[in-house]
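The basis for the numbers below is simple: all heavy atoms, side chains too, and nothing from hydrogens, waters or symmetry mates. Just so we're on the same page: letters track the sequence lines, and every chain starts at 1.
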Amino acid sequence: MSKIITISEIANHVGEEVTVRGWLYNRTDKGKLQFLSVRDGSGIVQAVAFKKELPESDFTVAQSLTQEASIVMTGTVRADDRAPGYPGGYEIGLKNLQLIQQSEGYPISPKEHGVEFLMDNRHFWVRSLRQWAILRVRATVIRAIRNWLDDHGYLLVDTPILSGLAGENSTDLFEVDYFGEPAFLAQTGQLYNEANMMSFGKVYCFGPTFRAERSKTRRHLVEFWMVEPEMAFFNLEDLMEMEEQFVSAIVQAVLKNHEQELKILERDTSRLTQVTPPFARISYDDAVKLVAEIREKTDDPEQKELLRLDWGTDFGSPHETVIAESFDRPVFVYHYPTAVKAFYMQPVAGRPEICRSVDLLAPEGYGEITGGSERIHDAELLAERVKEVGIDPENYTWYLDLRKFGSVPHSGFGLGVERTVAWICGLPHVRETIPYARTLNRLFP
RNA sequence: UCCGCAAUAGCUCAAUCGGCAGAGCAAUCGGCUGUUAACCGAUGGGUUCCUGGUUCGAGUCCAGGUUGCGGAGCCA
């Protein structure tokens with residue numbers, strides 16, 4: 001009985017007889033010689049079947065294998081530069097092959113497919129090479145997020161997914177029946193984070209969030225994952241310094257661990273290596289001027305229309321794109337108009353029309369990947385803002401009470417996992433960055 | 001919700017001016033001892049999204065609808 005190995009560790013077994021268990025990814029039949037491309041989850045390896053080197057019945061089995069048939073194979077590992085795979089350069093000289101189950105009519109071929117077809121077959125699509133690479137990067141992004149926060153004194157404190165609180169924007173909430181009472185799926189854990197921060201100093205929550213926005217763009221999902229750190233005694237400048245360290249650590253972790261995956265995705269990593277502190281910083285006031293200058297220079301009438309912008313309105317994605325393109329690394333845009341941001345953001349001293357908020361825009365048109373602010377810590381000011389915005393203070397009693405018992409200045413932000421993965425992988429759409437995307441028209445598979 | 005585009009074989013697409021519905025891949029069969037999305041030969045495979053209209057004749061033109069895609073708004 002030979003040793004069962006995973007393909008990722010094949011380099012340690014050159015010259016040995018090994019067993020690999022997996023699925024047929026592709027097959028090339030040359031008559032008395034066949035090449036089997038086999039994946040086992042950890043990688044892809046080429047197995048070579050010469051007719052004379054394995055039992056006749058096993059060779060016949062090899063000839064009958066269809067794409068995604070499950071198999072157990074045994075053979076000798078040898079280094080060969082001609083062998084493709086991940087990692088490439090090694091192949092298995094087949095001595096024995098056992099079919100577990102044939103795969104009849106597998107829908108996804110090595111040729112191109114359309115988006116709808118692939119999303120309908122997402123439960124199979126996750127087996128494909130590009131998806132394998134993307135979802136491995138996603139796992140590393142999540143691991144890097146947790147490692148960095150855990151290593152820097154942040155405590156993971158989970159926040160509820162079901163809540164009676166509306167959160168930020170009541171129109172975009174999913175309502176569910178909670179024993180006859182209305183409840184909502186969480187859009188953010190932030191309000192709870194602010195309570196937890198007073199207990200643990202630096203906290204974060206990390207989980208799925210739900211937004212019933214009727215958005216149909218490359219940057220939106222109905223269900224997406226967000227990490228939200230919240231820190232006591234942090235002002236806006238502290239927040240930006242923390243964010244640039246944090247985001248850089250995530251990008252560098254992927255670069256370090258996924259050279260192979262980024263190559264599969266044909267990602268140009270030169271822009272990613274530049275993602276190190278400090279990031280660029282620009283105020284909303286200056287960003288508005290910057291957009292106006294860029295708009296002035298463009299000859300494209302369509303672009304001129306899209307870039308139209310008055311002070312006081314929020315940036316749309318065309319604005320964010322041209323702002324981000326003006327810098328060679330991620331850029332913070334801070335001090336947005338108070339009117340376009342959430343009620344709990346601290347107004348700037350002497351200029352209450354702007355607030356201590358900051359969004360981080362990723363380069364290459366990937367848009368906003370974090371959004372955060374310094375929070376209002378004064379009880380009276382917060383109560384005033386609640387009244388101004390017109391939300392029912394009844395529902396926010398506990399949240400308002402936080403400001404009555406040792407309230408301190410504090411800040412926090414949320415980072416969208418899918419947008420971060422899309423940016424790092426260089427993908428055109430976030431739907432491939434989550435195993436089973438929930439979008440406007442998709443709840444299956 | 002608004003604007004634009006699309007729907008033809010299992011998949012990706014073609015079909016000239018309105019005139020016999022086609023190719024590649026996949027599948028099946030045959031050939032080949034170094035393939036890299038192998039190649040060569042053969043075979044099978046169609047409610048041209050739906051409903052109605054114009055016409056001698058509609059995949060193609062017209063009306064309505066359905067579904068999907070891209071963008072805007074909104075956001076991470």
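Among the protein residues, A/Gln67 comes within range of no part of the nucleic acid, since none of its heavy atoms lies under 4.0 Å from any strand. At a threshold of 4.0 angstrom between heavy atoms, the contacts of A/Asp359 with the nucleic acid are absent. Base contact: A/Glu213 has a heavy atom under 4.0 Å from a base atom. Within the nucleic acid shown, A/Ile108 has no heavy atom closer than 4.0 Å to any nucleic acid atom. A/Gln63 comes within 4.0 angstrom of no nucleic acid atom, judged by non-hydrogen atoms across all strands. Using a 4.0 Å heavy-atom criterion, one finds that A/Lys52 contacts the bases of the nucleic acid, with or without backbone contacts as well.
Ion pairing between a basic and an acidic side chain is recognised when a charged N comes within 4.0 Å of a carboxylate O; A/Glu230 and A/Lys202 show no such pairing.
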For nucleotides 6-11 of chain B, print each protein N/O atom paired with a nucleotide N/O atom at under 3.5 Å, atom names and distance only.
from	atom 1	to	atom 2	distance (Å)
B/C11	O2'	A/Glu112	O	3.2
B/C11	O2'	A/His113	ND1	2.4

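The aromatic ring of A/Phe35 does not stack onto the base of B/G34, failing the criterion of a centre distance under 5.5 Å from the six-membered base ring together with planes under 30° apart.
Residue whose closest nucleotide on RNA chain B sits further toward the 5' end, between A/Gly316 and A/Met226: A/Gly316. Residue A/Arg27 is the one, among A/Thr370 and A/Arg27, whose nearest nucleotide of RNA chain B lies closer to the 5' end (criterion: closest heavy atom).
Atom OG1 of residue A/Thr370 and atom CD of residue A/Glu228 lie 11.5 Å apart, to the nearest 0.5 angstrom.
Closest of all the heavy-atom pairs between A/Leu306 and A/His319 is O-NE2, 3.2 Å.
Comparing B/U33, B/U28, B/G73 against the side chain of A/Thr66 picks out B/U28 as the nearest.
Judged by the 6.0 Å distance and 45° axis criteria, A/Arg130 is not positioned over the aromatic ring of A/Trp132.
Using a 4.5 Å heavy-atom threshold, the side chains of A/Arg146 and A/Tyr204 count as touching.
Contact check of residues 427-445 of chain A against RNA chain B (heavy atom, cut-off under 4.0 Å) returns A/His429, A/Arg431, A/Asn441.
Qualifying ring pair (Phe, Tyr, Trp, His ring centres under 6.0 Å) partners for A/Tyr192, counting only residues two or more places apart in sequence or in other chains: A/Trp398.
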